[in-house]
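Working notes for the structure below.
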There are 2 protein chains.
Amino acid sequence: MSRSDVRQKMIRGAADLLSRRGLQATSFSQILELTGAPRGSVYHHFPGGKDEVVTEAVRYVGNGVLSALATEDLTPTEVIARFGAMWRTVLVGSDLRGGCVVAAVTVGADSGELLSLTGAVFGEWLDALAAALHRAGAPESRCPSLAAVVLAGLEGAMVLTRASRSLEPFDDVVAELVRLVEALD
Amino acid sequence: MSRSDVRQKMIRGAADLLSRRGLQATSFSQILELTGAPRGSVYHHFPGGKDEVVTEAVRYVGNGVLSALATEDLTPTEVIARFGAMWRTVLVGSDLRGGCVVAAVTVGADSGELLSLTGAVFGEWLDALAAALHRAGAPESRCPSLAAVVLAGLEGAMVLTRASRSLEPFDDVVAELVRLVEALD
DNA sequence: GTCTATACGAAGATAGAC
DNA sequence: GTCTATCTTCGTATAGAC
């Protein structure tokens, strides 16, 4: 279906722009320029306007991360390593210019709806991380806080890496998170 | 000197807006509305335009945090507790709507100069944190990575807290960071 | 589905009067 | 130092033709 093709292409383009430039700098003009999507069909595909594209981009990224977290059983250390490697790929693939779409929308949100959405997505990620850590043998009562420190640590690490244009803080954070989790054994 | 008064008031107002609304949503109109500063003297006080106000706001916050980190000698746990309490105050004082100015500018930066600036400020914070941890007795070789995980963890925790409108993720992260640092003893 | 044209508002920035 | 007026650019959004 060609309708979905254009729509999907625009959603992915929006996610890319949100990751690198932030919420306010992500405009339809930018999305069209990046994707080559037809100018005349913007509001055909997204009658809800910008908020609708952004919402879809957040959901798209949210589900992508979620399915990556729903893998086979791992050790706690492997959970961190995989999750860390995933975000490292985002950084490297964007020349250290990109970050997390959900965080970008949270920081730039001007409506309560977008905030609720990012809150829900972060909540899903935290639940999935906690479940993975629990399957890996981490004590149940600590899984939620471990999930929080892992997600928060990586989100913050991406900001530090973008600002410093260096992977050093990111790798430092991953190493310390691994240490924290190894102490569980 | 009245010139500095207005200028300082605008810088503080800009920091407040950057914290809550992000970089692009922080405009001169908003700053004037918030501070009651005279409209006609914007470019008198800031000939460099918006970038100059933002730069000053980042420096202002940067130095504030820096001086808070340069306190007397503490234990590693106390370093985390103090640093965490500081950011918690920011969250609570903004009704969980505000965050870190430096992170907000990093994520929304559209110029290399602003990115360099936030990179430098984060670098100063990391150095100060590492030094505090070292004074507290942490092994020298681990101080940089410990500083990175503490700063990144808290930066990320603020994002999670803003999105979820709850202090739970923030407190979870602080608790886990304390555990990590207590293992040093 | 895609186009052009257009309305509307907001932002950054400058010029020149007071 | 502060004012108003103005320019320009850009973003969102709508209407109506093809």
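Bear in mind the structure is a predicted one, so any value in this text is a computation, not a measurement. When reading the values below, keep in mind they use all heavy atoms of this one structure, side chains included, and skip hydrogens, waters and symmetry mates. Sequence lines set the chain letters: A, B, ... in the order given, protein chains first and strands last, and positions in each chain run from 1.
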Q: Would you mind reading off the distance between A:Phe28 atom CZ and C:dT2 atom C1', rounded to a whole angstrom?
A: 15 Å
Q | Ionic contact status for B:Asp171 with B:Arg88, cut-off 4.0 Å | A | yes
(Q) Measure CE/B:Met10 against P/C:dG12 and give the value in whole Å, please. (A) 11 Å
Q | Gap between atoms CD1 and P, on A:Ile31 and D:dC10 respectively (whole Å) | A | 17 Å
**Q.** Spacing between B:His45 atom NE2 and C:dA13 atom C1', to the nearest angstrom
**A.** 17 Å
Q: Give the nucleotide from the list D:dC3, D:dA13, C:dG12 with an atom nearest to the side chain of B:Tyr43.
A: C:dG12
Q. Over its full length, what angle do the end axes of the helix from C:dG1-D:dC18 to C:dC18-D:dG1 make, each axis taken from five pairs and the result rounded to 10 degrees?
A. 0°
**Q.** Contacts of type side-chain contact (heavy atoms from CB on, under 4.5 Å), residue A:Ala130, not counting sequence neighbours
**A.** A:Cys143, A:Ala147
(Q) Are A:Tyr60 and A:Phe28 connected into the same hydrophobic cluster when the rule is that any two of I, L, V, M, F, W, Y join if their side-chain heavy atoms are below 4.5 Å apart? (A) yes
Q.
Can you tell me if A:His44 touches the phosphate of C:dC3, counting only side-chain N or O atoms and a distance under 4.0 Å to OP1 or OP2?
A. no
Q | Out of D:dT2, C:dA11, C:dT2, whichever nucleotide has its closest atom nearest the side chain of B:Gln30 | A | C:dA11
Q.
Is there a side-chain contact between A:Ser41 and the phosphate of C:dG1, meaning an N or O under 4.0 Å from OP1 or OP2?
A. no
**Q.** A:Ser111 side, atom OG; A:Glu113 side, atom CD - distance, nearest 0.5 Å
**A.** 4.5 Å
Q: Using atom CD of B:Glu52 as one end and atom P of C:dA13 as the other, report the distance to the nearest whole Å.
A: 11 Å
**Q.** Atom pair CZ/CD of A:Arg12 and A:Glu56 - distance to nearest 0.5 Å
**A.** 13.0 Å
(Q) So if I take every side-chain heavy atom of B:Lys50 and compare against C:dG12, D:dG11, D:dT12, which nucleotide ends up nearest? (A) C:dG12
Q | Length of the line joining B:Gln24:CD and C:dG12:C1', which is rounded to integer Å | A | 12 Å
Q: Return the nearest nucleotide to the side chain of A:Val6; candidates are C:dT2, C:dG12, D:dT2.
A: C:dT2
**Q.** Separation of C:dT4 C1' from A:Leu32 CG (nearest whole Å)
**A.** 14 Å
Q: Answer yes when A:Lys9 and A:Asp5 have at least one side-chain N-carboxylate O distance shorter than 4.0 Å, and no when they do not.
A: no
Q. Once you round it to whole Å, what is the distance between P of C:dA10 and CZ of B:Arg21?
A. 13 Å
Q) Using a heavy-atom distance cut-off of less than 4.0 Å, which residues of residues 107-115 of chain B contact DNA chain D? A) none
Q.
Just verifying a value: how many Å separate B:Thr77 OG1 and B:Arg179 CZ, rounded to the nearest 0.5 Å?
A. 12.0 Å
Q) Quick one: do B:Arg59 and B:Glu124 make a salt bridge, cutoff under 4.0 Å? A) no
Q) Under the side chain to side chain contact (heavy atoms under 4.5 Å, CB included) criterion, do A:Asp127 and A:Phe122 qualify, and how do the steps go? A) CA-CA 9 Å; A:Asp127 289 346; A:Phe122 277 138; over 6 Å; no
